Number of protein chains: 2
Amino acid sequence: MPSSKITIKEIASALGLSIATVSRALNGSYDIHLETKEKVLAKARELHYKPNIQARNLLKRRNNMIGVVVPEFITFFFPEIIIGIQEVVNKHGYQVLICQSNESSSLERKNVEMLEDSMVEGLIVSVTKDSKNMDLYERLVQDRMPMVFVNRVLPQLNVNQVVIDDRKWAFQTVEHLIKCGYKCIAHLAGNPDLSVTKERLHGYLDALAAYGIPVQEQLIMYVGIQQERAKDGIDYLMVLKERPDAIFAVNDPVAVGCMLELRKRGLRIPEDVAVAGFSESPIGKIMELTSVSQPTFEIGKIAAEMLLKQIANNDLPVETVVLEAKLNIRNSTLPLNKRAH
Amino acid sequence: MPSSKITIKEIASALGLSIATVSRALNGSYDIHLETKEKVLAKARELHYKPNIQARNLLKRRNNMIGVVVPEFITFFFPEIIIGIQEVVNKHGYQVLICQSNESSSLERKNVEMLEDSMVEGLIVSVTKDSKNMDLYERLVQDRMPMVFVNRVLPQLNVNQVVIDDRKWAFQTVEHLIKCGYKCIAHLAGNPDLSVTKERLHGYLDALAAYGIPVQEQLIMYVGIQQERAKDGIDYLMVLKERPDAIFAVNDPVAVGCMLELRKRGLRIPEDVAVAGFSESPIGKIMELTSVSQPTFEIGKIAAEMLLKQIANNDLPVETVVLEAKLNIRNSTLPLNKRAH
DNA sequence: CTGAAAGCGCTAACAT
DNA sequence: ATGTTAGCGCTTTCAG
């Protein structure tokens, strides 16, 4: 006997009550005789009654769902953000529809449209590396869809954001390299359209400027954000007349790719070339890679809270929350006096 | 003007048609004049009409959602399975509610109940490491909830499963160690209640038996499945009178933990101790860990297909699909003649 | 305290 | 080809 067919109607007729009374008994308790309420509850349990949320949602014009769109969730970063999100929203009775765009802006678009069709009440988004769906998000803003962007944002868009100060932490990382005594610091940048790429490049330039080091264009290369792309960077950098003695990579995957590629060439890290990453990853940690760790769970939690607030009141002013991060120094970057020779 | 309030009623009255006609125009096309159909479509676009799925779902008594419950999705393994799942079900118009139990059986229970309350049409599950919710899943089977279990299964439960032959691949791995000339092979096993723990232990024992190697109880230790737990294993194994020269770990995280711990002690891999893992991970790959790779995407896809079939016809016989895997031999295990000395 | 009735937005007989 | 009507399961006035 599949319990799925039991409705309040069955309970009502079994008890000789009206469906209205049953509904009242099942929900809040105002205006209901305690005794009947208990009879209803007992019968409901007996029949394995399960409320039909869809009916309730139709009536209330909500569905307690939010959508999340991230570029990928294979690596720890977005999964941790998602866990933070779920922790908050589940507590408020919300479910999360998670989509990954696999770094494809057309899939991202499809995902967002699917979520819209599913009538999610709000969206948390981190955009793909080419950031091509400006029009879509502009329309959503116009349609007053509650949204929060995290990590990879669209600065031109007037929406809630949760980020870290990529520029500042890139600065700190490069400053650390400078203070370690590295003289020729290269930067492997990410996809040019990405907000984080621009910010981290800015930080790199800021640091050079702050220490009076002239910028050398040939030390900057846009390689993207994937580990496999690091090889291109190393191929290029290692044949420069003035070979860099340190590399600041846009993120940990690229930095790890660099380390593997450098090792393959018999170069020692950090004696021959130092490497620093960004957005500390478990792999980077194991490889003793200097990197900036982001408060991933926190990002998710804050974003979720902002979204719920916006769902509750769609007239709140747009807000950007900037969270703290941390530069973790490891053996991939060492001051001169601590390096082996 | 929030487009969210437009219903077929508005379209109907704007056009002087009945809502039935509008509905017909919007959906399939039987019994509808092409001209009116186009008028309706045009008006719908003009008004930014979006159908209310909830109403449709209520009527059709389905909601095009399935639930997925996994122990975690921080590492690549379950995320890849999930991507496989989504690829299949999205194509069929289904959305996926993803929950992670964080290896807690009480959270797992809560997740499943939430998904049930959300009225998902089916469930894909990989159980937590203590596998404590037998009663829950038994009830779901009784209630005829379509379900497929993947990777971590409950063998006592009569449900669809998608797995690899853990026993066989563990055998192959240990056989490889034996053939490499390792004489004293330890096994760090996972949580005792886990199906994969038992199967992989079986495979280990099978291999020893096949090569006439006596089992030494003290070479088997249950350490769990997490990287941090490897230290216990190494602490224990490295002080045995007959110290093992090879370790077969229940999975990659434990194997990686072993490698790090052995290195810390100045032991060389594989010269002093060889290490093999299971369920190949990106980190393991980078560390040149011998391991068995599982067809994660495929697992997800097959599971999704089975689930959709079961949703379409709930009287299909229960099925267990066993997929192929692959032993990838790397530098953490080498034959005698290839090892450095 | 309880029941009757309306209606959330949509689809699907059943008429015409 | 189109309109009328009933109803999916539930909540919520409005009466009593």
Side-chain angles (χ1 to χ4, degrees), chain A residues 2-45 47-65 93 116-121, chain B residues 2-45 47-65 93 116-121:
Chain A
S3 54
S4 41
K5 319 210 70 170
I6 305 298
T7 73
I8 53 171
K9 213 192 249 176
E10 272 76 61
I11 301 182
S13 68
L15 255 35
L17 290 169
S18 76
I19 60 165
T21 305
V22 174
S23 173
R24 275 188 283 254
L26 256 23
N27 297 325
S29 42
Y30 79 109
D31 266 10
I32 182 90
H33 194 68
L34 188 65
E35 204 177 310
T36 41
K37 179 175 174 178
E38 275 166 1
K39 263 201 323 213
V40 170
L41 259 39
K43 186 54 97 180
R45 218 169 302 120
L47 297 178
H48 293 105
Y49 168 74
K50 292 258 171 194
N52 184 324
I53 297 207
Q54 322 224 54
R56 189 179 292 163
N57 286 342
L58 175 58
L59 210 55
K60 301 251 176 105
R61 266 181 227 78
R62 27 205 319 273
N63 66 2
N64 289 295
M65 293 225 245
E116 228 190 328
D117 290 345
S118 300
M119 304 183 66
V120 293
E121 295 179 37
Chain B
S3 53
S4 42
K5 320 210 68 171
I6 304 298
T7 72
I8 53 170
K9 212 193 253 178
E10 272 75 63
I11 301 181
S13 69
L15 254 35
L17 289 169
S18 75
I19 58 164
T21 306
V22 174
S23 174
R24 275 188 283 254
L26 256 22
N27 298 322
S29 41
Y30 80 109
D31 266 9
I32 181 88
H33 195 68
L34 188 65
E35 205 177 308
T36 42
K37 179 175 175 177
E38 274 165 2
K39 264 202 322 216
V40 170
L41 259 39
K43 186 54 95 179
R45 217 169 303 118
L47 297 177
H48 293 107
Y49 167 75
K50 293 258 173 195
N52 184 323
I53 296 207
Q54 321 223 55
R56 189 179 292 163
N57 286 342
L58 175 57
L59 208 56
K60 302 253 177 103
R61 266 180 228 79
R62 26 207 317 273
N63 67 1
N64 288 295
M65 292 224 248
E116 228 190 329
D117 290 344
S118 300
M119 304 183 66
V120 294
E121 295 178 38

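What you are looking at is a predicted structure, and each value in this text was computed from that prediction instead of being measured. By convention in this document, chain letters (A, B, ...) are assigned in the order of the sequence lines, proteins followed by strands, and residues within each chain are numbered from 1.
- Taking the screw axis at each terminus of the helix from C:dC1-D:dG16 to C:dT16-D:dA1 from five consecutive base pairs, the angle between the two is 50° to within rounding of 10 degrees.
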- Query: Given the rule in the side chain to side chain contact (heavy atoms under 4.5 Å, CB included) test, do A:Arg56 and A:Asn27 qualify, once you have shown the distances and angles that lead to the verdict?
  - Reply: CA-CA 11 Å; A:Arg56 189 179 292 163; A:Asn27 297 325; 3.8 Å; yes

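- Residues A:Leu41 and A:Ala25 come closest through the heavy atom pair CD1-O, 3.7 Å.
- Looking at every heavy atom in both residues, A:Ile8 comes nearest to A:Ser23 through CD1-CB, 4.5 Å.
- Nucleotides of DNA chain C lying under 4.0 Å from heavy atoms of chain B occupy a range whose first and last members, 5' to 3', are C:dC8 to C:dA13.
- Considering all non-hydrogen atoms of both residues, B:Met119 and A:Pro51 come closest at SD-O, 4.2 Å.
- Between B:Ile6 and B:Tyr49, the shortest heavy-atom contact is O-CD1, 3.4 Å.
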- Quick one, give me the B/S/- string for nucleotides 6-16 of chain D, reading 5' to 3', where B means a protein heavy atom under 4.0 Å from the base and S means that only happens at the primed atoms, P, OP1 or OP2. -BBBBBBB---

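- Checking side-chain atoms of B:Asn64 against main-chain N and O of A:Ser118 turns up no donor-acceptor pair under 3.5 Å.
- Between B:Leu17 atom CG and D:dG3 atom C1' the separation is 10 Å, expressed in whole Å.
- Considering every non-hydrogen atom in both B:Leu58 and A:Leu58, the closest pair reads CD2-CD2, 3.5 Å.
- Contact detail for A:Asp117 and B:Lys50: the closest heavy-atom pair is OD1-NZ, 4.0 Å.
- Distance alone, capped at 3.5 Å, places no donor-acceptor pair between the B:Asn57 side chain and the A:Gln54 backbone.
- Screening B:Lys9, B:Lys5, B:Glu10 for a side chain to side chain donor-acceptor pair (under 3.5 Å) involving B:Thr7 leaves a single residue, B:Glu10.
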